[in-house]
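Values below: all heavy atoms of this structure, side chains included; hydrogens, waters and symmetry mates excluded. Numbers for residues simply follow the sequence, beginning at 1.
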Amino acid sequence: MNVLDELAGGLVVSCQPLPDDPGDPMRDAYVQARVAAAAVRGGAVAVRANGPADVAAIRGLVDVPVIGLYKHGTTGVMITPTAGHAVEVALAGAQIVAVDATDRPRPDGCSFADTVRAVHDRTGALVLADISTEAEAVRAVAAGADAVATTLSGYTPDSPPTDGPDLALVARLVDVLAVPVIAEGRYRSTEHIGLAFAAGAHAVVVGNAVTSPLWITRRLVPATPRDGQSG
């Protein structure tokens, strides 16, 4: 049994400020730790968090697994782009490290397999491969990934964007992989969650729809008469 077993059949809540809005008031480790604690109190089986400071703060308040990542840069590989970033997140307390496992070049020149080895050899953490296609998932598992997540489907040139989650990709991965498949990416309703588990997902990640007041408000404001008015 490993930490991934603790996620089985449960909801993982991603506690992160909006990456495209530097002014998001939620961009604070103290705040994110309390958001995470509230999510766990509500039933989340794990938390996904960005950066060593947030990971460490969250680990201090919750007793569920923390999936850590390290967003860096604005284009290409941004989710834990280097082996150094991956190890730093693990040393901050993440039991699982999420790493971009797409086919795009990594800024440190390392392969995804190199990053997996660095995490496994230097820390006790597992590696979650964030992928956008079935082929990437297969290669990531061959490179040593302990689990895969559909996080990047719809966000790379190799995966067409969709309005909702890529449930078809979840179902295909469950059929071809021998590691847990975590559904992530545009999961925003109980219906989405139910469909993901029906497709065989090990766990489902929900982010902005739970933890970002800024994102939620922006989704709701267009329904108001005042939207678009000035003054």
Side-chain angles (χ1 to χ4, degrees), residues 2-20 24 26-29 31-72 77-81 85-86 88-101 115 119 123 125-132 140 145-155 165-166 170 179-188 192-193 196 201-212 215-216:
N2 63 37
V3 68
L4 287 166
D5 296 318
E6 299 182 45
L7 278 57
L11 181 70
V12 178
V13 173
S14 181
C15 299
Q16 301 179 48
L18 291 183
D20 59 350
D24 187 348
M26 302 288 283
R27 195 175 300 280
D28 181 277
V31 171
Q32 290 301 319
R34 276 140 188 87
V35 170
V40 172
R41 187 176 181 85
V45 299
V47 173
R48 180 167 164 129
N50 172 35
D54 285 15
V55 167
I58 290 169
R59 276 299 305 272
L61 280 186
V62 305
D63 58 1
V64 300
V66 175
I67 302 171
L69 60 138
Y70 198 138
K71 287 183 178 176
H72 185 76
V77 176
M78 294 180 287
I79 297 178
T80 323
H85 287 126
E88 188 173 351
V89 167
L91 294 178
Q95 298 101 320
I96 303 169
V97 179
V99 179
D100 182 314
T115 299
V119 172
T123 78
L126 303 180
V127 174
L128 174 64
D130 283 350
I131 55 85
S132 67
D146 301 289
V148 300
T150 57
T151 313
L152 294 170
S153 175
Y155 299 106
D166 193 343
V170 172
V179 302
V181 175
I182 296 175
E184 181 172 7
R186 302 179 299 282
Y187 285 85
R188 297 165 182 161
H192 289 161
I193 294 168
H202 183 76
V204 178
V205 179
V206 176
N208 291 333
V210 172
T211 60
S212 177
W215 183 89
I216 294 167

Discussion item. Under the criterion side-chain contact (heavy atoms from CB on, under 4.5 Å), I'd like the reasoning laid out for S212 against L18: C-alpha separation, chi angles, the key distance, then a yes or no.
Written reply: CA-CA 7 Å; S212 177; L18 291 183; 3.8 Å; yes
Worksheet item: How far apart are the C-alpha atoms of E6 and V45, what are their side-chain angles, what is the distance that settles it, and do they pass the side-chain contact (heavy atoms from CB on, under 4.5 Å) test?
Response: CA-CA 7 Å; E6 299 182 45; V45 299; over 6 Å; no
Discussion item. Using the rule given for side-chain contact (heavy atoms from CB on, under 4.5 Å), can you reason through R48 versus L69, listing the C-alpha separation, both sets of side-chain angles and the distance that settles it, and then say yes or no?
Written reply: CA-CA 8 Å; R48 180 167 164 129; L69 60 138; 3.5 Å; yes
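T151 contributes no side-chain N or O that, together with a main-chain N or O of E184, makes up a donor-acceptor pair within less than 3.5 Å. Judged purely by atom type and a 3.5 angstrom limit, Q32 has no side-chain atom pairing as donor or acceptor with the backbone of R27. With hydrogens and angles disregarded, a donor-acceptor distance shorter than 3.5 Å links the side chain of H202 to the backbone of L4. Distance alone, capped at 3.5 Å, is enough to place a donor-acceptor pair between the N50 side chain and the K71 backbone. Judged by distance alone, the side chain of R188 and the main-chain N or O of V206 form no donor-acceptor pair under 3.5 Å.
Contact check for T115 versus V127: no side-chain heavy atoms found under the 4.5 Å cut-off. Between N2 and D146, every side-chain heavy-atom pair lies at or beyond the 4.5 Å cut-off. Counting heavy atoms from C-beta on, the side chains of Q16 and T211 never come closer than 4.5 Å. Looking only at side-chain heavy atoms (C-beta outward), D166 and T150 stay at 4.5 Å or farther from each other. Side-chain contact between L126 and Q95 is absent, with no heavy atoms from C-beta onward closer than 4.5 Å.
In this view, Y70 and H85 satisfy the ring-ring contact (aromatic ring centres under 6.0 Å, His included) rule, not counting sequence neighbours.
For the residue pair A140 and I131, the shortest heavy atom distance occurs at CB-CG2, 4.4 Å. In plain terms, the two heavy atoms of A86 and V119 that are nearest each other are CB-CG2, 3.6 Å. Considering all non-hydrogen atoms of both residues, A125 and I96 come closest at CB-N, 4.5 Å. Nearest approach of A145 to V179, heavy atoms of both residues: O-CG1, 4.1 Å. The two residues V210 and I216 have their closest heavy-atom pair at O-CD1, 4.3 Å. Between R186 and S153, the shortest heavy-atom contact is NH1-O, 2.9 Å.
Between atom CG of residue L128 and atom CD1 of residue I182 there is a gap of 5.0 Å, rounded to the nearest 0.5 Å. Note that CG of L152 is 8.5 Å distant from CE of M78, once rounded to the nearest 0.5 Å. Atom-to-atom distance recorded for Y155:OH and I79:CD1 is 10.0 Å, nearest 0.5 angstrom.
Other residues, nucleotides and ligands place more than 12 heavy atoms under 6.0 Å from the NE2 atom of H192.
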